[in-house]
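The next block holds one structure in the form of structure tokens; read it before the comments.
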Amino acid sequence: MAGSTPDEIRSACPYCGTGCGVLLRPDGQGGLAVRGDPEHPANRGRLCSKGLALGETLGLEGRLLAPQVNGKETDWDSALDLVAARFRQTVEQHGPDSVGFYLSGQMLTEDYYVANKLMKGFLGSANIDTNSRLCMASTVAGHKRAFGTDTVPGTYEDLEKADLIVLVGSNLAWCHPVLHQRILAAREARGTKLVVIDPRRTASCDQADMHLKLRAGSDVALFNRLLAALHEGGALDAEYLRHVNGLGGALDAAYAADARETGLSDSEITAFCDLWMHTEKVVTIFSQGVNQSTSGADKVNAILNCHLAAGRIGKPGCGPFSVTGQPNAMGGREVGGLANMLACHMDLDNSRHRDAVQAFWDAPAMPDRAGLKAVDLFCAAGDGRLKALWIIHTNPAVTMPEADAVSAAIKACDFTVVSDITAATDTARLADVLLPAAAWAEKDGTVTNSDRTISRQRAALPPPGEARADWDILAGAGRRMGWGAAFDYQSPAQVFREHAALSGLAGGFGLDFDISGLSSLSDAGYDGLAPVRWPVNRDRQGGRFFADGRFFHPDGKARMLAVRHRPPAAAPDRQYPFRLNTGRIRDQWHTMTRTGMAPRLSGHLAEPFADIHPEDARRLGVQPADLLQLSSPHGQVILRARITADVQPGDLFVPIHWTGETAPSARIDTLVAAAVDPVSGQPESKAAVVAAERWQPAWYGFAVSCSPMTPQAEYWAAARTGSGYRAELAGLAPLVDLEAVARGLFGLPDVGVQVMTDRRKGIARLALFQDGRVMAALFTAPEPIAVSRDYLAGLPGSCTAEVLTGVPAAGRPDPGPVVCACFGVGANTILQAIESGGLLSVDEVGAALHAGTNCGSCRPDIADLLARRPFRQAAE
Ligand code: SF4
């Protein structure tokens with residue numbers, strides 16, 4: 001096939017919704033060489049740091065290799081017999097709504113399809129929800145209200161044809177780096193204007209023409225003002241509005257809006273409205289900052305209102321564009337893998353749709369109302385209404401709001417099954433039955449990215465041990481429950497063909513999702529399927545929707561909604577004065593079960609942190625590298641303070657990635673209230689209220705080791721390095737016996753010990769050696785540890801005596817924390833090159849060191865170094 005060598009396998013990156021194509025070359029020893037697929041339409045060969053590091057995440061360490069029941073290994077037959085019996089008995093005794101599935105946007109479409117069919121058609125409940133509820137549910141609701149279906153109108157090519165891109169609640173530079181690079185390349189070529197709307201300064205602001213730091217949750221007020229401005233400026237498209245209902249009500253709401261709710265100045269708002277109004281080709285990209293809100297669906301509709309009213313939709317370079325967080329959030333939406341959907345964009349509350357799907361599946365039972373959405377699902381598990389729960393490829397004990405309560409609910413549920421690639425997650429530890437699932441590189445199926453392009457994910461490695469594909473596990477359970485014919489699948493191709501054929505029914509009802517043109521693919525055709533954008537039916541393949549003004553409401557028209565600003569559910573007060581924003585960092589993915597295995601990805605930000613404004617830090621007496629304790633009515637966390645004006649006074653930003661496995665005191669969702677959007681059920685993950693104070697331990701520590709550590713301190717955060725592990729530590733009880741602490745931490749009994757102490761300053765340092773090699777080292781002090789962390793992180797396994805100084809001897813390189821993860825270039829290396837080479841621009845740094853020349857997401861950091869803004873390592 002073009003662009004690949006014969007030994008390469010085409011597949012798709014398993015991280016963000018950009019959906020980049022990858023080429024995988026097995027090395028014959030369980031590893032893979034990974035590069036971007038030059039033929040894939042999403043990325044044309046590019047990959048970001050996470051995609052490039054995929055080959056480093058394949059190790060079998062921690063893999064779940066056999067089914068387990070109550071902690072004991074068993075065989076598949078026994079495990080699936082038990083799962084099937086417990087689910088069927090529970091339904092028989094307590095009714096269909098006493099069982100539930102909680103799925104993940106990581107699952108392939110074929111996996112999702114079988115799960116949805118089993119729950120809705122056979123177990124007879126709609127209690128099947130997914131972590132996409134935390135990610136995209138508000139967009140789904142907004143699309144359905146405006147268009148009649150959950151349709152993403154545009155394509156990635158529109159991003160390159162636009163003259164103005166507006167990013168709303170989206171740090172595209174870090175969360176969808178390859179899309180961001182496509183936009184920057186277009187900007188270079190055609191001068192595309194870029195506006196970022198975000199309470200926080202992010203890496204996406206680096207190249208923006210305008211950054212509107214609006215108040216959290218005030219997007220509706222801003223877009224209502226824009227709608228009114230379009231009306232006042234004569235920019236409404238009367239011709240296109242013939243296809244749209246609801247203009248009058250939407251305008252009334254827009255004129256009633258108070259733009260001061262945004263906290264922006266009149267001149268900022270006017271400049272934005274003028275730019276939008278006078279630029280014909282506008283794409284508005286939105287993501288979690290819009291969706292994760294108690295008014296998320298209204299925010300989506302406020303954006304859609306403007307595009308509909310101005311007729312800027314369905315045309316090249318125009319349209320609202322939701323970018324999905326997960327690799328297959330779109331596929332999950334297509335199969336109907338949410339509690340309020342049926343299948344193939346058909347509706348649970350439409351009896352014609354229900355009857356058609358029931359007949360197609362030859363299903364014994366179909367629910368006629370929505371099931372429990374994620375937050376309600378776990379409430380039901382906690383209060384006993386839900387008695388059997390199956391969680392697949394996701395970690396709700398960490399990622400759901402009020403995570404401690406969710407953890408308790410899972411524990412309280414009578415029967416919990418977890419399918420995952422590892423038993424080492426906060427959720428897997430609570431399961432009665434653990435089922436070993438195939439991991440990304442072992443799975444075969446399809447995924448759909450943010451612009452409706454379906455790509456094949458192809459297995460490049462055999463599943464280890466007893467691990468199996470999710471569709472196969474679910475079908476095995478379905479057969480054992482007594483529905484042999486309905487779940488007699490032999491391959492993912494067979495599942496795909498059935499799904500494609502079912503979508504023909506949706507097409508028959510005049511709906512958007514129709515891939516029936518792929519329903520007769522042979523196995524070979526499925527194997528070789530090239531990326532294809534839906535719809536794919538007799539009449540049409542791919543392209544944009546809505547150019548013709550035909551929508552999917554019964555009257556064929558779109559709807560503008562009268563939406564009004566509603567503030568977040570909780571307002572800061574004296575007890576909880578800070579607004580908490582949560583999000584992703586550049587080089588990690590979700591709860592780090594994969595990216596946490598790649599040392600270079602951990603090298604960028606190795607520890608959880610809280611960004612706090614300098615004024616707030618001063619008021620709280622917080623110094624750089626201090627620890628902060630955040631509290632809410634639901635929980636407490638401890639994090640490293642990063643003092644930065646990137647956040648506004650009164651706001652905090654914290655990353656979402658750390659878990660009980662990597663930093664137990666930094667499980668952020670323990671703080672977040674389970675307040676949800678009343679329409680979409682999506683939790684408000686970006687506007688909780690918390691208290692913050694400096695956390696003063698008796699001692700701080702930093703440790704490196706060849707092997708995993710077992711920290712006992714009140715605060716710790718561990719990360720993988722190229723030579724082993726590193727950990728930050730802090731404890732409340734005074735340290736009296738350093739060697740005892742080291743023994744507990746490292747568990748290395750028969751090794752040589754070097755100790756250095758300064759009793760006056762309370763500093764103690766210890767290094768362990770075996771056969772002349774450094775095995776581990778521990779540095780403690782009553783203040784945050786000041787050592788060269790990246791130098792020390794490289795020492796385990798090496799033969800050197802220069803450990804206890806904590807810094808490299810003269811002449812030994814200390815690259816500093818990773819800035820460019822793609823090429824592994826550290827901050828000190830860049831600073832030295834800038835100084836010695838007289839480098840003046842990010843491009844010159846790229847030419848000298850390659851840094852910033854691949855995915856580009858480190859270019860803002862390089863610009864900071866060039867501007868001699870000190871690059872702060874968390875604890876230095
Ligand atoms: S942008 Fe990065 S994480 Fe997202 S799909 Fe592409 S390579 Fe993967």
Side-chain angles (χ1 to χ4, degrees), residues 10-24 32-58 104-108 135-136 156 159-160 167 170-185 202-204 285 287-288 321-331 439-441 443 446-458 460 531 583-598 600-602 604 655-657 820-823 852-859:
R10 282 201 144 82
S11 192
C13 173
Y15 298 128
C16 83
T18 304
C20 296
V22 291
L23 293 174
L24 310 175
L32 292 174
V34 181
R35 68 182 178 110
D37 182 351
E39 300 295 314
H40 197 285
N43 58 316
R44 300 275 176 224
R46 276 187 179 275
L47 291 179
C48 76
S49 52
K50 295 185 284 289
L52 268 182
L54 275 166
E56 296 168 32
T57 67
L58 303 168
S104 162
Q106 301 285 306
M107 292 169 70
L108 305 188
C135 174
M136 297 310 309
Y156 288 163
L159 309 182
E160 283 147 349
L167 297 181
S170 164
N171 181 9
L172 207 71
W174 277 19
C175 300
H176 301 83
V178 167
L179 280 188
H180 193 246
Q181 287 304 307
R182 283 181 69 157
I183 290 169
L184 294 185
T202 67
S204 301
I285 294 176
S287 190
Q288 318 306 21
F321 205 120
S322 138
V323 285
T324 49
Q326 298 200 72
N328 199 31
M330 290 282 277
W440 157 74
K443 285 161 74 153
T446 55
V447 290
T448 308
N449 72 4
S450 296
D451 84 339
R452 292 179 276 112
T453 297
I454 298 170
S455 297
R456 283 280 279 112
Q457 189 165 304
R458 296 181 176 87
R584 291 179 175 158
I585 59 173
R586 193 188 75 189
D587 290 347
Q588 294 296 349
W589 178 257
H590 281 195
T591 53
M592 302 198 291
T593 46
R594 283 180 305 216
T595 48
M597 296 173 79
R600 63 173 146 156
L601 296 182
S602 293
H604 178 226
I656 59 172
H657 307 288
C820 173
C822 296
F823 294 107
T853 59
N854 181 51
C855 77
S857 49
C858 63
R859 291 172 71 89

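Order of listing sets the numbers, starting from 1, for every ligand and every atom in it. Only this structure's heavy atoms are used, side chains among them; waters, hydrogens and symmetry mates stay out. Given the structure is predicted, the values throughout are model-derived calculations rather than measurements. Throughout, residue positions are numbered sequentially from 1 according to the sequence presented.
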**OP:** Look up atom CD in Gln457 and atom OG in Ser11, then write down how far apart they are to the nearest 0.5 Å.
**Re:** 4.5 Å
Original post:
With sequence neighbours excluded, what pairs up with Trp440 under the ring-ring contact (aromatic ring centres under 6.0 Å, His included) test?
Top reply: none
Subject >> Tyr156 and Asn449: CA distance, side-chain angles, deciding distance, side chain to side chain contact (heavy atoms under 4.5 Å, CB included) verdict >> reply: CA-CA 10 Å; Tyr156 288 163; Asn449 72 4; 3.5 Å; yes
Original post:
Which ligand 1 atoms does Gly19 reach within 4.0 Å, using its non-hydrogen atoms?
Top reply: 5 (S)
Original post:
Under 2.8 Å from atom 2 (Fe) of ligand 1, which protein atoms of type N, O or S occur, listed by chain and number?
Top reply: Cys48 SG
**OP:** Hey, could you give me the NZ/CG distance between Lys50 and Asp587, rounded to the nearest 0.5 Å?
**Re:** 6.5 Å
Subject >> Atom pair CZ (Phe823) and SG (Cys855), whose distance is rounded to the nearest 0.5 Å >> reply: 9.0 Å
Original post:
Between atom CZ of Arg586 and atom SG of Cys858, what is the distance when rounded to the nearest 0.5 Å?
Top reply: 5.5 Å
